[in-house]
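Residues take their numbers from the sequence shown, with the count starting at 1. This one's a predicted model, so the numbers in the text were calculated from it and none came from an experiment.
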Amino acid sequence: MALPFLPGYSLNRNVGKEKFHKPQHWGFCNNVRMLMNEDKPGIGGELCLRQKRKPKYSAFLKEMGIDAPPWVAFDKQVLSFDAYLEDEVPEKSQENYRIRRYKIYFYLEDDTIQVNEPGVRNSGLPQGTFIRRHHIPLPPPDEDQFYTVYHFNINIDIVFYGWKFKIYDCDTFTKIVLKNMGVKLNAPGQCPEDPYLKMRREKLDFVKPLRPYESFGTLKQFLNYDRKVLRFFCLWDDSTSLFGDRRELILRYFLSDDTIEIREVLPHKSGWNAMPFLLQRGKLPKYGPPGVYQPGEITDRIVLNVYGGLVENRVDGYLLDKYKLGKVHQEFYKDSDLSIGTTINVWGRKVLLCDCDEFTKSYYKTEYGIENFTSIDCKPPPPPKIERKFPPYTGFGSEEDSLRSCIGLMPTPHRKNFRKWMEKDSYGYISNTLRFFAKLITHDCADVDRLFVISYFLSDDTLSVFEPIERNSGLTGGMFLKRIRVKRPGQEVFKSELSEYIKAEELYVGARVNVNGYLFLLLNADEYTLNYMEKHSDKFPMSSIELALQKLKKQESKSEELRNVFIAADDEQRKMVDYNTFRDILMTLTVGELTDHELITIARHYHVPEDAYEDVNVLIALAHERFKRNTFENFERLIANCVYQDRENKKVLPTKDIRRLCKSSRLPLTHDLLVSLLSKFEDSEGQINYESFFCALNWRINPVPELEPRSYLKEA
């Protein structure tokens, strides 16, 4: 009886199905027809009969209830199992089977398995990756399924593609993971020993081959410590022997082969021969020199017997004594024997280790746990300073030249202070010369009134004395002392030390200067000298206004009396007095505590400024003084240039044109003085009569009286 063709009454599975495509399982690989992918579903994307879909993710992840992807949850988590298998060896009498060890890695992120075989030296077997990483199917009849984490345990047999592996142990992480999964772990087993390897080891233990060579095993030490050198700073005190001395050394210990090298550190101009090595690189015996040995006693190998045949093709050889009877044993210095403060024996020489470098300190701190690296001073005590004595001055030449002949075998000229000469030499209007007005201190009536000009040159500390020529005085005048350095009085002439000379700091107004037996009293100084000394008051304390006022403040108790005396001396009520009155009052009240130079310093500091350019005659006199000093007489040419520029013949030119003409002609006048002169000759329209202006400046045609300088001398 047929059922109606209605939903729910039909057994046809294709009812409502829309996809009937057939997947492609076959393809070409390297032009060969082959099954490409058997895991694809059947018609319409549905699984075929008895077909099971391979698991895409780890089975353990589903049971843990973790929502994260497996490559995140089990990233870098691998189970490691130790296994072995018995590999049969046919047609070989030495062994019937061979035990081969393996490592089985199970990757939790995708249930893949990889099998590796650790390498065994000289095994002759291809080792490494035995089974690459992929999903391994179960043995038949379940070949459509794959191994999962639940198939693994300890002390079980597992088959991969017909190879039967025996799992006997696993690592700690694997045990923890299996316990968390609820797997009951079996007791770990042991891997049996390979019978052939056991037989070979037993045979080698009984057989000790006597070969014509021995392995000393220094390659490992060389590879670990190559280019690593310990460095010590040493001292060899050989001062007790004849012509001996304290010698500074550098000891280098090479960790690669336990050898020692010693170099000597020679100081500058020591006189010792510069040898490359005090001790060439080699092993250093502790008890050296050990003596003289016969040839063959000091050797690394002991020969037991020499053998050889009598036939033509004989083989010569020798046997070594494995017990090394009769060998001379020597003890050599090792790195453990070296430390700061230790004295070592270098072939009979006692060498003290005083210090080491930073690498050596870090090495001993790491290897031996040494923390104390207090260095020992290896520098010799300073030699006694021998005072060098020179013979006395002979009187020939200068003292400096005579001294240079005693210093070296080849006399050289005395070096002057060239820098001081360049800085203090005169240039332009700066003379760097201190000039003082002085007189002789003598009881001779003919020399009492003689006046002199003492010039001190700062460039080379020389001094000259000039006497102004005075007509009808009966004195010649002129150069009294040429420019030389003047010695201080009271010094021995023929002595070993250099003489002391008069310095600029010893000169000031009121000082007494002994110049080669002539005693001079310094009465006054020029304007440049006073300005220079006040500018450098740190070197000239008499020109320091601060020090002078400090001395004056000591008379504070007489301040009221001093005020009354100054008021009484000011008859005209001008609130100022002349210099002589000022000097007499202060010298009387201070009772000689202030020198004449200090009084001049105070007077210059508090003097009433005068308008130097108030009178036109004063301006012309100043201009004439500068023209005379520079011997300028080219006034007619200046007038001719003005006439050339005066096109209308008015005899006048603008002030700016006259100033430009003076500047271009290089008139030796300062800018302020030129501007003041032009302002005096300028009319209301800004014009200047150039003929009257240049005629007034012509010091040859219209001379004017010279200006009298301000005097700080006390009038008689």
Side-chain angles (χ1 to χ4, degrees), residues 215-291 293 298-300 328-386:
S215 177
F216 294 97
T218 59
L219 180 59
K220 181 178 180 182
Q221 181 182 1
F222 174 78
L223 295 177
N224 292 337
Y225 296 105
D226 186 29
R227 299 178 181 269
K228 294 183 180 180
V229 183
L230 306 181
R231 186 172 63 166
F232 291 89
F233 303 97
C234 316
L235 175 65
W236 171 35
D237 191 359
D238 192 35
S239 57
T240 56
S241 62
L242 185 62
F243 305 114
D245 200 357
R246 295 166 62 94
R247 315 288 284 271
E248 296 183 14
L249 310 173
I250 294 180
L251 183 145
R252 293 186 176 92
Y253 184 90
F254 297 87
L255 294 172
S256 59
D257 54 358
D258 299 328
T259 55
I260 292 178
E261 170 189 284
I262 299 179
R263 291 176 177 266
E264 185 176 3
V265 180
L266 294 179
H268 184 59
K269 295 182 180 180
S270 63
W272 297 95
N273 293 331
M275 301 298 294
F277 297 101
L278 180 71
L279 177 66
Q280 201 169 14
R281 180 176 175 179
K283 290 191 175 183
L284 180 63
K286 291 185 178 180
Y287 309 103
Y293 296 99
I298 305 299
T299 178
D300 293 332
V328 178
H329 295 278
Q330 284 186 306
E331 294 187 20
F332 298 97
Y333 279 105
K334 300 290 185 180
D335 55 348
S336 58
D337 300 324
L338 305 179
S339 62
I340 297 178
T342 304
T343 302
I344 63 175
N345 179 20
V346 182
W347 296 100
R349 298 172 178 84
K350 303 299 180 181
V351 176
L352 175 64
L353 305 184
C354 300
D355 200 358
C356 60
D357 59 1
E358 293 299 328
F359 172 75
T360 307
K361 293 178 182 179
S362 61
Y363 174 80
Y364 278 97
K365 187 181 298 183
T366 305
E367 295 293 332
Y368 300 101
I370 299 176
E371 298 290 342
N372 186 13
F373 297 99
T374 304
S375 61
I376 301 174
D377 188 12
C378 61
K379 297 293 182 182
K385 189 175 182 180
I386 301 176

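Here the straight-line distance linking atom CG of L284 with atom CZ of F332 works out to 9.0 Å at 0.5 Å rounding. Rounding to the nearest 0.5 Å places CD1 of I376 at 9.5 Å from CG of L235. Atom OH in Y364 sits 12.0 Å away from atom OG1 in T366 (nearest 0.5 Å). The CD1 atom of I250 lies 8.5 Å from the SG atom of C234; values are rounded to the nearest 0.5 Å. Residue L249 holds its CG atom at 9.5 Å from SG of C354, rounded to the nearest 0.5 Å. Rounded to the nearest 0.5 angstrom, M275 CE and E264 CD are separated by 9.5 Å.
Legend: residues meeting side chain to side chain contact (heavy atoms under 4.5 Å, CB included) with F359, ordered by chain and number and at least two apart, are K228, L230, D357, S362. Taking the side chain to side chain contact (heavy atoms under 4.5 Å, CB included) definition, one finds that K361 meets it with D355, C356, E358, F373, sequence neighbours left out. With sequence neighbours excluded, no residue forms a side chain to side chain donor-acceptor pair (under 3.5 Å) with D377. Considering only residues two or more places apart in sequence or on other chains, R281 meets the side chain to side chain contact (heavy atoms under 4.5 Å, CB included) condition with F254, S256, D257, T259, E261. Remark: R246 engages D237 in a salt bridge (charged side-chain N to carboxylate O under 4.0 Å, His left out) (not counting sequence neighbours). Partners of E248 under the salt bridge (charged side-chain N to carboxylate O under 4.0 Å, His left out) rule, at least two apart in sequence or in another chain, are K379. Applying the side chain to side chain contact (heavy atoms under 4.5 Å, CB included) criterion to F243, with sequence neighbours excluded, gives no partner residue. The salt bridge (charged side-chain N to carboxylate O under 4.0 Å, His left out) check on D238 picks up nothing, with sequence neighbours excluded. Shown here are the salt bridge (charged side-chain N to carboxylate O under 4.0 Å, His left out) partners of D245, two or more places apart in sequence or in another chain: there are none.
Sequence neighbours left out, not one pair with a member in residues 343-353 passes side-chain hydrogen bond (donor to acceptor under 3.5 Å, both in side chains). Within the structure, the salt bridge (charged side-chain N to carboxylate O under 4.0 Å, His left out) test picks out no pair touching residues 364-373 (sequence neighbours left out).
Proximity of V346 to I260: side-chain heavy atoms (C-beta onward) are nowhere separated by under 4.5 Å.
Residue-environment remark: CG (N273) stays at or below the threshold of 12 foreign heavy atoms within 6.0 Å.
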Just distance, no hydrogens or angles: give the donor-acceptor pairs under 3.5 Å from side chains in residues 334-341, sequence neighbours left out.
unit_1: K334; atom_1: NZ; unit_2: D258; atom_2: OD2; d: 3.2
unit_1: D335; atom_1: OD1; unit_2: Y368; atom_2: OH; d: 3.1
unit_1: D335; atom_1: OD2; unit_2: Y363; atom_2: OH; d: 2.6
unit_1: D335; atom_1: OD2; unit_2: Y368; atom_2: OH; d: 3.2
unit_1: D337; atom_1: OD2; unit_2: K286; atom_2: NZ; d: 3.1
unit_1: D337; atom_1: OD2; unit_2: K334; atom_2: N; d: 3.0
unit_1: S339; atom_1: OG; unit_2: T342; atom_2: OG1; d: 2.6

